[in-house]
Amino acid sequence: MAGAKLDSVKYTNMFKAYGAFWRRGFTEWAGTASRSEYWWTFLVNLLLGVVALFIVSFFAALGLAVESEGVVVSGLVLVLVPAMLYWIVTLVPGISLIVRRLHDAGLSSWFMVLYGVGIFFRLFGWMIVGISPWTAGFGVFLWFISFCIDITFFVFSLLPTKVEDNPYHKFNK
């Protein structure tokens with residue numbers, strides 16, 4: 001179906017894609033998100049995380065240099081509190097973006113249940129690893145399953161737009 005116009009917008013600009021992340025993230029769940037929209041948003045969030053990590057590392061190094069725990073703690077509070085708030089605020093638009101990306105690839109949003117299982121396994125694995133040596137192996141097994149789910153969603157995010165027989169696209173006919 002060459003030349004079909006899709007409702008999925010391909011963003012060639014990082015700032016437009018990130019703006020769409022905020023604009024569409026709280027209200028649009030039934031639409032689609034192109035690979036460019038998904039990956040530009042991923043890149044911006046990754047860069048913001050790297051900047052936050054750099055600032056925390058700077059305050060940690062400064063605290064070690066002046067031998068002051070207060071500098072380290074204030075640096076952690078200065079960066080980690082806003083970073084946690086940012087993560088909480090981006091949680092809903094991020095889930096919306098993943099759902100729309102699944103729709104663009106022609107997949108059901110029910111795959112998000114699998115994504116939730118992966119997050120649960122990761123968190124539960126962290127909790128049980130430190131309990132005893134007997135539970136550490138099971139925790140590592142849960143991490144491995146979570147990692148496999150992450151790889152699956154990475155592959156889903158790379159899938160091209162499904163043009164034929166995609167119930168989530170609106171075509172101009």
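In this text, all values refer to a predicted model and were calculated from it rather than measured experimentally.
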A.B. asks: Does L158 belong to the same Ile/Leu/Val/Met/Phe/Trp/Tyr cluster as L114, with side-chain heavy atoms less than 4.5 Å apart forming each link?
C.D. replies: yes

A.B. asks: Would you give the length of the straight line joining atom CG of L97 to atom CZ of R24, rounded to the nearest 0.5 angstrom?
C.D. replies: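 Reported value, rounded in 0.5 Å steps: 8.5 Å.
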
A.B. asks: Please report the interatomic distance CZ(F121) to CZ(F141), rounded to the nearest 0.5 Å.
C.D. replies: 8.0 Å

A.B. asks: Using 0.5 Å steps for rounding, measure from the CZ atom of F147 to the OG1 atom of T152.
C.D. replies: 10.0 Å

A.B. asks: Could you tell me if the ring centre of F156 sits under 6.0 Å from that of F153?
C.D. replies: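 Ring centres of F153 and F156 closer than 6.0 Å.
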
A.B. asks: Any salt bridge (charged side-chain N to carboxylate O under 4.0 Å, His left out) pairs touching residues 81-96, not counting sequence neighbours?
C.D. replies: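 Residue pairs passing salt bridge (charged side-chain N to carboxylate O under 4.0 Å, His left out), neighbours aside: none found.
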
A.B. asks: Any idea which heavy atoms bring S36 and A17 closest together, and the distance?
C.D. replies: O-CB, 4.4 Å

A.B. asks: For the CZ atom of F120 and the CD1 atom of I145, what is their distance to the nearest 0.5 Å?
C.D. replies: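 Nearest 0.5 Å value for the CZ-CD1 distance: 11.5 Å.
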
A.B. asks: Would you say the side chain of L107 lies within less than 4.5 Å of the side chain of L159, judging by non-hydrogen atoms?
C.D. replies: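 Heavy-atom side-chain distance check passes, below 4.5 Å.
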
A.B. asks: Can you tell me how far OG of S146 sits from CD1 of I119, rounded to the nearest 0.5 angstrom?
C.D. replies: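 With rounding to 0.5 Å, CD1 (I119) is 8.0 Å from OG (S146).
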
A.B. asks: Please check if the side chain of S57 supplies one atom and the backbone of L53 the other of a donor-acceptor pair under 3.5 Å.
C.D. replies: yes

A.B. asks: Hey, are the side chains of L142 and F138 touching, using non-hydrogen atoms and a 4.5 Å cut-off?
C.D. replies: yes

A.B. asks: Report yes if the side chains of E37 and D104 come closer than 4.5 Å at any heavy-atom pair, otherwise no.
C.D. replies: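 Side chain of E37 against side chain of D104, heavy atoms only: no contact under 4.5 Å found.
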
A.B. asks: Do I88 and L91 belong together in a cluster built from hydrophobic side chains that touch within less than 4.5 Å?
C.D. replies: yes

A.B. asks: R101 versus R35: any side-chain heavy-atom pair under 4.5 Å?
C.D. replies: yes

A.B. asks: Take F111 and I149, measure what side chain to side chain contact (heavy atoms under 4.5 Å, CB included) needs, and give me the verdict at the end.
C.D. replies: CA-CA 10 Å; F111 277 104; I149 292 171; over 6 Å; no

A.B. asks: Going by side-chain contact (heavy atoms from CB on, under 4.5 Å), name the residues that satisfy it together with W22, two or more places apart in sequence or in a different chain.
C.D. replies: Y18, F26, Y86, V89, T90, P93

A.B. asks: From I95 CD1 over to S109 OG, what is the distance, rounded to the nearest 0.5 angstrom?
C.D. replies: 12.0 Å

A.B. asks: Please tell me if the side chains of W126 and W143 come closer than 4.5 Å, counting only heavy atoms from C-beta onward.
C.D. replies: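 In short, these two side chains touch, coming nearer than 4.5 Å.
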
A.B. asks: If hydrophobic clusters are built by linking Ile, Leu, Val, Met, Phe, Trp and Tyr wherever their side-chain heavy atoms come under 4.5 Å apart, do V113 and F154 end up in the same one?
C.D. replies: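 No, separate clusters.
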
A.B. asks: For residues L48 and I98: do they belong to one hydrophobic cluster (side chain heavy atoms under 4.5 Å, members Ile, Leu, Val, Met, Phe, Trp, Tyr)?
C.D. replies: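 They do share one cluster, since a chain of ILVMFWY contacts under 4.5 Å joins L48 to I98.
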
A.B. asks: For T135, which residues count as a side-chain contact (heavy atoms from CB on, under 4.5 Å) partner, sequence neighbours excluded?
C.D. replies: I128, I131, S132

A.B. asks: Going only through I, L, V, M, F, W and Y residues with side-chain contacts under 4.5 Å, is there a path from F42 to F15?
C.D. replies: yes

A.B. asks: What are the two closest non-hydrogen atoms of G25 and S96, and how far apart are they?
C.D. replies: O-CB, 3.1 Å

A.B. asks: Considering only heavy atoms from C-beta outward, does the side chain of W87 approach that of N45 to under 4.5 Å?
C.D. replies: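 No, their side chains stay 4.5 Å or more apart.
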
A.B. asks: Mind listing the closest non-hydrogen atom pair of S157 and W39 along with its distance?
C.D. replies: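 Nearest heavy atoms, S157 then W39: OG-CZ2, 3.0 Å.
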
